[in-house]
Amino acid sequence: MYFTDTKICIDGDNGLGKDAVIVAADLVKTYKTKKRKGLFRGEKKLVEALKGISFKVYRGEIVGLLGPNGAGKTTTIKILATLLLPDSGDAWVNGYHVVKQPFGVRKSIGIMLTVERGFYGKLTGRENLEYFGALYGLDRRYMEERIDYLMKLLELDKLGAVDRMFEEYSLGMKARLGLARALLKDPPVLLLDEPTLGLDPSSSRMIRELVRKLAHREGKTILYTTHNMFEAEIVCDRILLINKGRIVAEGSPEQLKSLIPKLRIINMVIRGGKGVEEIVSSMGFEKYEAKYEDTIVNLKISVEKPEDVLGELIRRIVNAGHEIISLKVEEPTLEDVFLYYASKT
Amino acid sequence: MASLFLLAVWAEMKMVYAELIRRKYMLLMLAAYPYILMIFILLIGMSIGNRQIFIQRIGVSPEIFFLVSGFLIMSILGTSDDLLWRPIYDEWIGTLPYVIASHIPRLYHYLAIPIPRLLIAFFTGLTSVLPLMVYYYGLHGFIEGLAVILLGLFSSIIFIPFIMVVMGFIYGFGNVNWRVINVIRPILLVLLGAYYPRYLMPLAGYIVSSLVPSSHVVEAIQRLLIGSLNGLYAFILLGVATALFIVYSPIGVYSIGLWEKRKISEGVKTE
Ligand SMILES: Nc1ncnc2c1ncn2[C@@H]1O[C@H](COP(=O)(O)OP(=O)(O)OP(=O)(O)O)[C@@H](O)[C@H]1O
Ligand SMILES: [Mg+2]
């Protein structure tokens with residue numbers, strides 16, 4: 001399951017053979033920046049943002065690019081959106097090469113790069129969409145119909161946002177308008193960079209649900225970045241775990257979870273004292289964590305087979321005169337997977 | 001293809017008018033601008049010189065000369081301001097990546113950007129140049145005034161590809177920075193010859209200035225005002241201006257492409 005297939009594309013293969021709509025082959029990008037030192041002196045600094053990234057996204061699939069801050073998610077999106085040149089490597093979107101055929105790529109994609117910026121503040125939501133629709137060369141009549149449709153789809157009409165100036169928008173409205181712009185020309189490919197960043201649960205949920213519908217009902221191919229594991233788990237069909245410019249793991253959310261050692265977590269809340277920890281260590285558990293709040297202990301123990309030890313553990317705690325307030329056995333979350341890989345590289 | 005251009009004009013109109021209508025004092029400012037300039041310059045002029053000498057030297061009364069110059073500067077430099085500002089503005093508010101990722105032909109887009117303000121300039125001409133000319137020359141002044149206004153708009157439009165060339169190269173090789181505009185503006189002001197007629201310039205100045213398409217039209221307007229424009233000379237001036245417009249157009253598109261490539265190679269800012 002580890003990602004070893006770095007050179008996916010042979011020269012000239014545009015990757016369309018197997019219905020791969022987005023193909024990235026060994027993308028490398030190093031930013032050159034200057035670090036200021038005093039008034040005139042500057043020191044050249046290199047930031048290796050991508051160290052050879054390869055992946056494919058197939059038609060109708062939502063692939064999540066999941067990684068912490070600075071992992072290289074935005075850099076990847078920008079290269080695919082023809083807004084940044086890679087130092088080496090190739091990428092194709094909808095059969096067009098991102099460096100050699102940028103206009104073909106631009107016609108095929110809808111992009112959303114940030115939630116809170118990217119529109120003209122003095123224009124209303126509708127006027128903004130009309131403006132970008134014109135830059136995309138959309139026919140006026142088609143454009144107006146499409147805008148009406150999208151305003152309904154994203155519930156901007158219900159929010160009364162259609163004829164309000166963008167500068168008065170809430171973050172949730174801005175995100176919806178951003179997605180509406182990405183969908184304006186009904187492109188086959190969507191590149192969405194953290195589209196739910198900072199949104200409240202109801203706006204995030206509507207965007208996530210819409211993204212799933214767009215892929216699974218309308219067959220759009222979607223690359224979706226996030227640093228939120230919970231989100232990646234519920235939105236994406238497949239997840240690429242990216243860290244420090246490399247893809248460190250790849251698979252469906254379930255597959256990724258199965259990649260880490262099969263530990264379960266016993267989570268107990270106990271009324272007692274220091275004695276609890278002695279009991280735990282006397283039973284030979286190695287991976288545990290105890291947090292105290294007055295006489296309440298929150299205990300987390302990682303074990304492979306909780307069913308083998310749970311009976312004995314409860315007996316000892318109760319016999320020592322402590323009181324168990326709650327008990328849960330938890331599956332590892334994607335967050336655990338994520339921390340596991342983040343710590344490994 | 002023509003429909004793409006009209007679409008771009010429609011979009012730019014929405015953009016500019018939405019801002020203007022929502023800030024009415026801007027509209028007032030625009031209407032008052034040529035008058036303010038004229039009064040300002042006349043006051044300065046009267047303190048250092050003599051009206052009669054001006055008329056002898058330039059061949060037209062200073063009120064008309066400076067009001068027309070104010071109108072020309074407003075529409076021509078307004079055009080270059082609109083264009084030079086746009087990338088800075090787009091980058092600042094975060095719309096640049098979406099504009100660069102659009103597939104509208106760049107010439108159409110850049111031609112469309114200043115048009116809304118030129119329409120406003122047209123109305124400003126009707127409220128400033130026209131009444132003054134009628135006051136001085138009656139019906140004849142009306143016709144001449146209208147010609148001045150239309151030629152002013154023409155000189156603004158043919159300015160666009162020239163500015164595209166300048167801006168593409170400056171932004172492409174240097175940096176996109178509003179300070180650059182402050183450097184370019186006074187140079188353009190001199191080269192246009194609106195305040196200092198070109199036919200009074202030293203030869204070197206004359207030659208450099210003739211590379212600026214609009215300067216020919218400005219000269220035509222000035223000659224029209226002093227009554228020394230004959231048909232053939234007008235034809236030559238406007239012909240040269242149009243030829244320069246045609247020559248600069250592809251270079252302008254190339255130059256803008258250069259700047260966009262530079263942006264893409266360092267990465268279009270999104271944050
Ligand atoms: N224009 C730039 N100049 C210099 N370094 C940059 C530039 N853009 C990004 N970087 C650096 O490249 C690395 C990858 O950045 P990138 O924006 O792709 O990360 P990201 O995964 O999108 O992170 P985040 O979750 O914070 O958005 C980071 O170390 C970042 O500091
Ligand atoms: Mg990012």
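Each chain gets a letter, A, B and so on, in the order its sequence line appears, and its residues count up from 1. Only heavy atoms go into these numbers, but all of them, side chains included; no hydrogens, no water, no symmetry mates. For clarity, every value in this text was computed on a predicted model and none was experimentally measured.
- Minimum heavy-atom separation, B:Ser265 to A:Leu84: O-CD1, 4.2 Å.
- B:His103 touches chain A through backbone and side chain together, each having a heavy atom under 4.5 Å away.
- Environment of CZ in B:Phe123: sparse, with no more than 12 heavy atoms of neighbouring residues, nucleotides or ligands closer than 6.0 Å.
- Per-residue counts of heavy-atom pairs under 4.5 Å with chain B were compared for A:Lys185, A:Met143, A:Arg181; the largest is that of A:Arg181.
- Chosen from A:Met165, A:Lys29, A:Lys32, the residue pairing most often with chain B at heavy-atom distances under 4.5 Å is A:Met165.
- Taking the side chain as every heavy atom from C-beta outward, A:Leu83 and B:Lys263 never approach each other to under 4.5 Å.
- Remark: B:Tyr89 OH is packed, more than 12 non-hydrogen atoms of other residues, nucleotides or ligands lying under 6.0 Å away.
- Below 4.5 Å, heavy atoms of chain B meet heavy atoms from A:Lys122, A:Leu123, A:Thr124, A:Glu127, A:Glu130, A:Tyr131, A:Phe132, A:Ala134, A:Leu135, A:Tyr136, A:Gly137, A:Leu138, A:Arg140, all part of residues 121-141 of chain A.
- Most heavy-atom pairs under 4.5 Å with chain A: of the set B:Ile104, B:Ile264, B:Val268, this distinction falls to B:Ile264.
- For NZ of A:Lys107, the number of neighbouring non-hydrogen atoms (other residues, nucleotides, ligands) closer than 6.0 Å is 12 at most.
- Summarising the geometry, atom OH belonging to B:Tyr98 is positioned 14.0 Å from atom CZ belonging to A:Arg106; distances are rounded to the nearest 0.5 Å.
- With a 4.5 Å cut-off on non-hydrogen atoms, A:Thr114 touches chain B through its backbone and its side chain both.
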